[in-house]
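These notes are about the structure you will find just below.
Quick note: numbers below take in every heavy atom, side chains included, and nothing from hydrogens, waters or symmetry partners.
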Amino acid sequence: MEAEMTLSFLSRAAARYHLPVIDLLAALTTTGHLANIKGQLRPDSEVHLNAEARARVALLCRVAPSVLEHALPAWTCQEPRGRQGTGPGGRLLHGEEAVAAWGPACPACTAARTARTVPARRYLAPEQRVCPRHRYWLLSLPGTGGLPVHLASCPEVVEAHHRHRRLLRRNQAAAQAFAIAQAVTGRWWEQNWPRQERIWPLRLHAVRPAGTDPRWWKAAARDLVTYPDTVALAGLLASTRAQQQITRDTHGHVPYRLGDLPWLLEEVARRLERPWLAEHLRDVTHGPLFAWAHTLARTAGAGTPAAQRALWKIPAPHRPRPLYELLPASRSQLPSSPTTHLRGYGRRTEQAFEQGLAHARSYHLQHGHLIVPIGALHEGHPLGIWLSNQRARHVRMPERQFTALAALDPYWNAPWNQQWQRPWHQASQHTRTHGPLDAAAGFPGVGISLGEWLYEQCTRHQVLHPQQRRLLADLGIDTRAAQTARPPRRGHSERFQRGLDHAAAYAAHHGQLATISKSTLHDGFPLGTWLARLRNRHSSRPPVPADRVQALTAIDPWWNPPWHLYWQRHYYRARTAVTGQTLNPTNGFDDLDDARIAAWLRRQCRDYQHLHPQQKDLLAGLGLTPDAVHTAQHDLRLRTPPDRIRHRAAGGALMGHRPDQRVYFETALTHARAYAAQHGHLAVPRDTLHDGFPLGRWLASQRNRANIRARRNLPASPHTTELTAIAPWWNPPWKTEWQRNYHRALDYIHAGKPFDPAHRIPHPNTAIGSWINRARRRYHHLHPDQQHLLTTLGIHPSTYQRSANRPPEHAR
């Protein structure tokens, strides 16, 4: 019999000789008058035999080994060693995890093929559970030889079998989709059935064999009763058109709940013939169906092998529970209560989760939410990192763990930026105290930052996540209110004073403002962005009023130095390192504890003649006076090989502004011309080497010199003309990374590859496609010259979609 289990075949052979199968196994594996077989024989067991035992079976049955290997899938899968270690031997296995999916063979088919009534067992795929000719469901039961269930009173199962076979022939992903659908229907089966459910109870009663306990049968018949619904759901999940429609339904967002995918819910309800199911599933935020839809939206329907593997992968907690966990040891017992065993998760993982959950409860009790910064510690526990890890695996979490976190904060794993929740909680607290917000009046009564944030949400209302719009509606900001919203009426002086207060507080703690980067937040205030605007690095912006400059200078005289902030940050670090010490220039400052600062001080000595006079004054305050610099330079020359001295002397300035450095400048230009000829641009990363020459560092210094001269309203250096002749955009007013991406896209087009930005080609999941998509969305906020360059790629205002209401953003 095809795909028969080896032990089933031996049982039928033993029956021909009127022997128990255990006696036949003992005879086949006897070595030294002892049975050479391991394991215990059970009704659901399988046996693996080694080569010597298989030869005895072939001789006994008078069947060629090749025929047995073709008919018995487990015939040669293992070479077990028996109890004796040598000779013919075998091993008995049992249980659903040790043996592949199996079931009883159809009794009518077995009798017709063997002319005997001895039952048989076969390895069965999901589409082989039904015998359409004799209308049997071949039910596998742990601890038994299986149970054939007659389907005369349930013809829809046979019809579903025909649809299942058709689906497998027509769709390559049908088998994987069926596994996902089986996990979904299995999860629904284990939950409390809604009162509207009528199909499953009727079907369960119709196929129940006489004399079986109803509650035992409900646990055993799960796969049988849900089979028609599983096939219908698998057809939907495997459909390419359905996947495309679901992807369009997301509008570029990852769903927060299944209600964000109305077409999917309506189609599931229609195919399963349950009109109430769409409303029942609307608020589901976890489980196998949500995990599948979440993965589909996150991959945006990409057809790459990695995306397909992720789409059809079933996380361990979502897999259907095996029957041996649901059924009691005997039919006379009632089904035991569900165990607390978490599939795929060990005891240590569970203990670590309970520890993190306890800290999350404590944090929520204090703050009312779980929006914890990733680096934050709570009571000594790295709660921020822990929550970040939980968010990364939220679709793969066991339901009990997910429910525990969702009970604290339903938006602990929101599919948008977690920082969005913090001002929303502030606004929610304001509405509970003062009533709904008045968007048309400019949000009176709220703080400066919160009012600006609320107005920004109104301008971006159409592109927000649907759940974000629902949360804003709870504050009184619906679609109509967002359209009539006005910016908060706050004077510039009031805004500046608030930023100045944060800057003063930061300087009081750190002693300076140089370490503030663009992403720095201070008590929730975007201090880095605020200070970057005032530093006015671009000449196109209006100058900062003198009184504001004076106020910032009173806090930190070097809040906006005429040199790069990196230098100022290193200076402050050096000032801390040399506090209480006297610099010793005769040993290259090697006695300092901070080796990086020692190297920085040596670099200042080498480039001392090119430093700004005020930089020299600051270094003198550290003890690096001109005499000390001279001593250090002499020591460095003694310790540095002559060839490196020449390279550093030429590379100290690397500017090409002095006649004695013209030779080096010409060498650098030669490398720049060669690089531009090869790559078409000079948007070179800082660490780029070209034939051993530090071209990236040299170009960065040229850009820095040119920008400093522009800020001081000095005429451009004549040497910049030579660089402009090589590459017009060698020093663009935007980031060089944007320029590199532009040239990558240009090379992509010149290579003749498919390119259509309006139809997302190349796909946004690729590096070039992602950059094109960002450039297309931010088109109207880019520099005019950037827009002109994008026009050469075919990206123009007509391709600008969905982002018209977004606030200005800096192009990457």
Donor-acceptor pair, distance only, cut-off 3.5 Å: does the side chain of H150 make one with the backbone of A152? yes
Rounded at 0.5 Å granularity, tell me how far OG1 in T212 sits from NZ in K218. 14.0 Å
D283 side chain reached by L258 side chain, heavy atoms, under 4.5 Å: no
To the nearest 0.5 Å, what is the distance between CG (D260) and CG (D249)? 9.0 Å
Checking the side chain of D44 only, and the main-chain atoms of T144 only, is there a donor and an acceptor separated by less than 3.5 Å? no
Rounded to the nearest 0.5 Å, how far apart are OG1 of T110 and CZ of R121? 12.0 Å
Heavy atoms, side chains only, cut-off 4.5 Å: are L10 and V47 in contact? yes
List the steps and the verdict of side chain to side chain contact (heavy atoms under 4.5 Å, CB included) for R166 and H162. CA-CA 6 Å; R166 262 195 319 271; H162 294 307; 4.3 Å; yes
Is any side-chain heavy atom of P155 closer than 4.5 Å to a side-chain heavy atom of R135? yes
NE2 (H134) with more than 12 external heavy atoms under 6.0 Å: yes
Residue pair L34 / R83, side-chain heavy-atom distance below 4.5 Å: no
Under 4.5 Å between any side-chain heavy atoms of R122 and M5, yes or no? no
Less than 6.0 angstrom separating the ring centers of H294 and H394, yes or no? yes
Quick one: does P320's side chain get under 4.5 Å of W189's, heavy atoms only? no
S388 side chain vs I385 backbone, donor-acceptor pair below 3.5 Å: no
Are there more than 12 heavy atoms of other residues, nucleotides or ligands under 6.0 Å from atom CZ of R116? yes
Under the side-chain hydrogen bond (donor to acceptor under 3.5 Å, both in side chains) criterion, do S8 and E4 qualify, and how do the steps go? CA-CA 7 Å; S8 172; E4 187 175 5; 2.8 Å; yes
Between R208 and W217, is NZ or CZ placed under 6.0 angstrom from the six-membered ring centre and within 45° of the ring axis? no
Given ring-ring contact (aromatic ring centres under 6.0 Å, His included), test H164 with Y227 step by step and report yes or no. CA-CA 10 Å; H164 191 185; Y227 181 70; 5.8 Å; yes
Between T30 and N36, is the side chain to side chain contact (heavy atoms under 4.5 Å, CB included) condition met? List the steps. CA-CA 6 Å; T30 298; N36 194 21; over 6 Å; no
May I ask you to decide if L7's main-chain N or O and E46's side chain share a donor-acceptor pair within less than 3.5 Å? yes
If only atom types and distance count, is the side chain of Q191 paired as donor or acceptor with the main-chain N or O of W193 below 3.5 Å? no
Flag the pair L28 / V57 as yes when at least one side-chain heavy-atom distance between them is below 4.5 Å, and no otherwise. yes
Who pairs with E2 by salt bridge (Lys or Arg N to Asp or Glu O under 4.0 Å), at least two apart in sequence or on another chain? none
Apply side chain to side chain contact (heavy atoms under 4.5 Å, CB included) to residues L138 and C106 and explain how you reach the verdict. CA-CA 7 Å; L138 309 176; C106 173; 4.3 Å; yes
Specify whether H286 and H318 have parallel, tilted or perpendicular ring planes, treating 30° as the upper limit for parallel and 60° as the lower limit for perpendicular. perpendicular
Using a 3.5 Å distance criterion without hydrogens, assess whether the side chain of T226 forms a donor-acceptor pair with backbone atoms of D229. no
Surrounding CZ of R133 (heavy atoms of other residues, nucleotides or ligands, distance under 6.0 Å), is the total greater than 12? no
E156 bridged to R203 by N-O distance under 4.0 Å: yes
State whether W200 and R274 meet the cation-pi test: NZ (Lys) or CZ (Arg) under 6.0 Å from the six-membered ring centroid, and within 45° of the perpendicular axis. yes
CA sep, side-chain torsions, deciding dist, call: R91, I37, side chain to side chain contact (heavy atoms under 4.5 Å, CB included): CA-CA 6 Å; R91 181 186 178 192; I37 189 166; 5.9 Å; no
For the residue pair R222 and Q182, confirm or rule out a side-chain donor-acceptor distance under 3.5 Å. no
Do you see a donor-acceptor pair shorter than 3.5 Å between the side chains of H48 and T6? no
Approximate separation, where rounding is to 0.5 Å, of R241 CZ and L236 CG: 13.5 Å
Output yes when E79 and R54 qualify as a salt bridge under the 4.0 Å nitrogen-oxygen rule, no when they do not. yes
Answer yes when D409 and R361 have at least one side-chain N-carboxylate O distance shorter than 4.0 Å, and no when they do not. no
Find the distance between CG (L167) and CZ (F178) and round it off to the nearest 0.5 Å. 9.5 Å
Measuring only between side-chain heavy atoms, which start at C-beta, is E379 closer than 4.5 Å to S362? yes
Step-by-step side-chain hydrogen bond (donor to acceptor under 3.5 Å, both in side chains) determination, R165 to Q128: CA-CA 9 Å; R165 299 293 291 268; Q128 296 173 327; over 6 Å; no
Check E267 with R271, please: is the shortest side-chain N to carboxylate O separation under 4.0 Å? yes
Heavy atoms only: give me the nearest P73-Y123 pair and the separation to one decimal. CG-CD1, 3.7 Å
